[in-house]
Amino acid sequence: MQIATWNVNSLAVRLPQLLDWLAERAPDVVALQELKLPDDKFPHEALAQAGYHAAWLGQKTYNGVALLVRAPGTLTDVQRNLPGLADEQARLIAATVRPAGTEAPLRVVGVYVPNGQAPGSDKFAYKMRWLQALRDWLADELARHPRLVLMGDFNITFDDRDVWDPEGLRGAIHCTDEERAHLQALLRLGLHDALRLLDGGAGLYTWWDYRQLAFPKNRGLRIDHILVSEALRPLVRACAIERALRKRPQPSDHAPLVLTLN
DNA sequence: ATGGCCGTTAAAAACGGA
């Protein structure tokens, strides 16, 4: 079973690439971020044609998240945004997913964590508030759903291995101790960083700036993550970054991250 | 060798992204 997350940076622009990739890779479950379109513009018909059921929470211009499940899998009990947080921004979608051919359902949580812009800014404070609300809600969600996957664009690196220039970017947005403490707190809830269960190396990135040849020079950050609960940990087989998607025409600045579970 | 972005918007420069 393959479970993927991808910040598409505009679903309207990236739809052809998404459809190509779904046809090639046939992931069972997909979390999408930065749809940048309102609910009534979500391309559910094209996705159904491609063989995927979808649930989404859109927003005009910014943000927007969705979950896809490959048919004849099912997607039920959809939750949109955090219950404990009054939030105008579309940043979280959760659902109970039963991929085709599996018996036990999974609880899947897709997130687009706020960027934070700069430490000390209002947007940074919002990021911290949002992460605290996520943690509070997730503690209960994990108790209700032991088989849980939390994935998406976290806009936070775990440590220096996730940063192309750790010295130059020390204390910069995505790299502060305050942000990283939130990631560690999520791990203390009983979640595991799927990629790090398999590969301890540096230089594995999911995002590269569009400017200054950052991708060919591999000047990137690992800020997209798939976290799995304790019950799923023994099932983790592989976790791969789909760098090939970053090389196609009109790429997103993020590459998809794909987890293979038994 | 050097510098080079992209997507959005009541629609041109401004904003946000990371």
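Naming: A, B, ... by sequence-line order, numbering from 1 per chain.
A salt bridge does not link A/Arg211 to A/Asp253: none of the charged side-chain nitrogens sits closer than 4.0 Å to a carboxylate oxygen. Between A/Arg144 and A/Asp77 there is no salt bridge, since no side-chain nitrogen of the basic residue lies less than 4.0 Å from a carboxylate oxygen of the acidic one. Between A/Asp162 and A/Arg196, at least one side-chain N (NZ, or NE/NH1/NH2) sits under 4.0 Å from a carboxylate O, which counts as a salt bridge.
One can place OH of A/Tyr205 at 15 Å from C1' of B/dA18, the figure rounded to the nearest angstrom. As a whole-Å value, the separation of A/Trp207 CH2 from B/dC6 P is 13 Å. Rounded to an integer number of Å, the gap from A/Arg222 CZ to B/dA18 C1' is 16 Å. As rounded to whole Å, 15 Å separates atom C1' of B/dA1 from atom CD of A/Gln212.
The same atom, P, is picked in B/dT8 and in B/dG4; the two are 23 Å apart, to the nearest Å. Taking the C1' atom of each, B/dC15 and B/dT2 are spaced 28 Å apart, rounded to whole Å. Separation of the P atoms belonging to B/dC5 and B/dA11 is 26 Å when rounded to the nearest angstrom. Comparing B/dA18 with B/dC6, their P atoms sit 15 Å apart, to the nearest whole Å. Atom name C1', nucleotides B/dA14 and B/dA1: the rounded distance is 33 Å, in whole Å.
Between the side chain of A/Gln79 and the backbone N or O of A/Asn81, at least one donor-acceptor pair lies under 3.5 Å.
The 5' end of DNA chain B is approached more closely, in terms of each residue's nearest nucleotide, by A/Val13 than by the other of A/Leu221 and A/Val13.
Of all the residues in residues 168-185 of chain A, A/His174 reach under 4.0 Å from DNA chain B with at least one non-hydrogen atom.
Taken from NE2 in A/His254 to CZ in A/Arg246, the straight-line distance is 9.0 Å, to the nearest 0.5 Å. Separating the CG atom in A/Leu131 from the CG atom in A/Leu183 is a distance of 7.5 Å, to the nearest 0.5 Å.
Nucleic acid contact class of A/Arg14 (heavy atoms, under 4.0 Å, all strands): sugar-phosphate only.
Dashed line: the shortest gap from a side-chain N or O of A/Lys60 to OP1 or OP2 of B/dA10 is under 4.0 Å.
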Considering only nitrogen or oxygen atoms on both sides, find all protein atoms under 3.5 Å from nucleotides 12-17 of chain B and state each distance.
unit_1 : atom_1 : unit_2   : atom_2 : d
B/dG16 : O5'    : A/Lys123 : NZ     : 3.4

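Closest approach of A/Leu37 to A/Ala12, counting heavy atoms only: CD2-N, 3.9 Å.
Under the 4.5 Å side-chain contact rule for hydrophobic residues, A/Val13 and A/Leu22 do not share a cluster.
Of the options A/Leu32, A/Leu259, A/Leu257, a side chain to side chain contact (heavy atoms under 4.5 Å, CB included) to A/Thr5 is made by A/Leu257 and by none of the others.
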